[in-house]
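Data first, discussion second: the structure below is written as structure tokens.
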Amino acid sequence: MNATFARNDAPATRLTGRVVLVTGGARGQGASHAHRLAAEGATVWACDVLDSEGAALAARLEGEGLDVRYRHLDVTSPEAWASVVGEIEAAHRQLDGLVNNAGIIHVTPIAEETLDAWNRLLAVNVTGALLGMQACLPLLRRSGAAAVVNVASIFGVIGAPGYVAYCASKGALVAMTKVAALELAPDQIRVNTLVPGGVSTPMNEHEKEGGVIPDTPLKRRAHVSELSSAVAFLLSSDASFVTGTELVVDGGFLSR
Ligand SMILES: NC(=O)c1ccc[n+]([C@@H]2O[C@H](COP(=O)([O-])OP(=O)(O)OC[C@H]3O[C@@H](n4cnc5c(N)ncnc54)[C@H](O)[C@@H]3O)[C@@H](O)[C@H]2O)c1
């Protein structure tokens, strides 16, 4: 997946001076977010467990003059969060944006779902976002105008046979986001959910019959850049009065 925002025109300086951490930032949507946010002026800490892909991404974007640093971060580990946040604190003292984008998926009917697989998926998709908000909170408070984006899915809003763990995880993120928005508003930290429809990434490249495309009015998956522009908006002052809500970017899927 070539992370590029060629289809969008990025406002050049909207995020200048902002420091943003993106989880799952080595490939797919996260890599595209790192590119877009840095292109808008942010310093981006792209974190993932795919170290060679993450390091290659950072090297490529640094080669374009963008400020993107890669760090290993398993979002299920409180110790790993503490380590990365400590490094960011030493470098910048504060954090202005957190994008909880890391996620995994599997397809298993309820009757065959295993406890191990269920627990693993919820650990990454839900607990990872909770740990991220907890770990980053002290630095986000120092920003004075911080924003968190939790990446859910249309499958957190509707049901899909075989996706019990994934749907449960993404529905939990939508609900968690509203709680976080209420709790963190006094600290001037906005918290919103991004709700993507089908997006062309390694996560779904093996899907047969186009996945959600037949049920998507625009009859295609999104390009990653089409999600990154939404993330950039939510992190920017253009969204200064937007908190506790879902930004749906789904080609019309949920309108049916
Ligand atoms: N692709 C889609 O159609 C689609 C649709 C809706 C929502 N989403 C969501 O968008 C987000 C990004 O997914 P994507 O489409 O770019 O897929 P992807 O598989 O390319 O990216 C997910 C990234 O998360 C990382 N990751 C997994 N476990 C991790 C962990 N424990 N710690 C840190 N990083 C970890 C992966 O290594 C990978 O780089 C996910 O939360 C996904 O659920 C995807």
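For ligands, and for the atoms within them, numbers begin at 1 and follow the listed sequence.
Near D74, with a cut-off below 4.0 Å to any heavy atom, the atoms of ligand 1 are 30 (C), 31 (N), 32 (N). Near N204, with a cut-off below 4.0 Å to any heavy atom, the atoms of ligand 1 are 1 (N), 2 (C), 3 (O). For ligand 1, the atoms closer than 4.0 angstrom to any heavy atom of G198 are 3 (O). Counting atoms of ligand 1 from 1 in the listed order, those under 4.0 Å from a heavy atom of L50 are 37 (O), 39 (O). Within ligand 1, the atoms closer than 4.0 Å to a non-hydrogen atom of Y166 are 6 (C), 7 (C), 8 (N), 9 (C), 42 (C), 43 (O), 44 (C), numbered from 1 in the order shown. Contact atoms of ligand 1 toward V151: 9 (C), 10 (O), 11 (C) (distance under 4.0 Å to a heavy atom of the residue).
Residues L247 and V249 form a side-chain contact, since some pair of their non-hydrogen atoms from C-beta on lies under 4.5 Å apart.
For atom 5 (C) of ligand 1, the nearest non-hydrogen atom of the protein is G197 O, 3.1 Å. Nearest to atom 15 (O) of ligand 1 among the protein's heavy atoms is T201 OG1, 2.7 Å. Atom 21 (O) of ligand 1 has R27 NE, 3.9 Å as its closest protein atom, hydrogens excluded (heavy atom only).
When the heavy atoms of G30, G156, G24, P196 are ranked by distance to atom 23 (C) of ligand 1, first place goes to G24.
Note on ligand 1: H72 sits outside its first shell, no heavy atom being nearer than 4.0 Å. The closest approach between T23 and ligand 1 stays at or above 4.0 Å for every heavy atom of the residue.
Taking a cutoff of 4.0 Å between a charged side-chain nitrogen and a carboxylate oxygen, K178 and E183 do not qualify as a salt bridge.
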TODO: Evaluate the criterion salt bridge (Lys or Arg N to Asp or Glu O under 4.0 Å) for residue pair E89 and R142; output intermediate values, then yes/no.
DONE: CA-CA 10 Å; E89 180 174 25; R142 288 184 195 155; 2.9 Å; yes
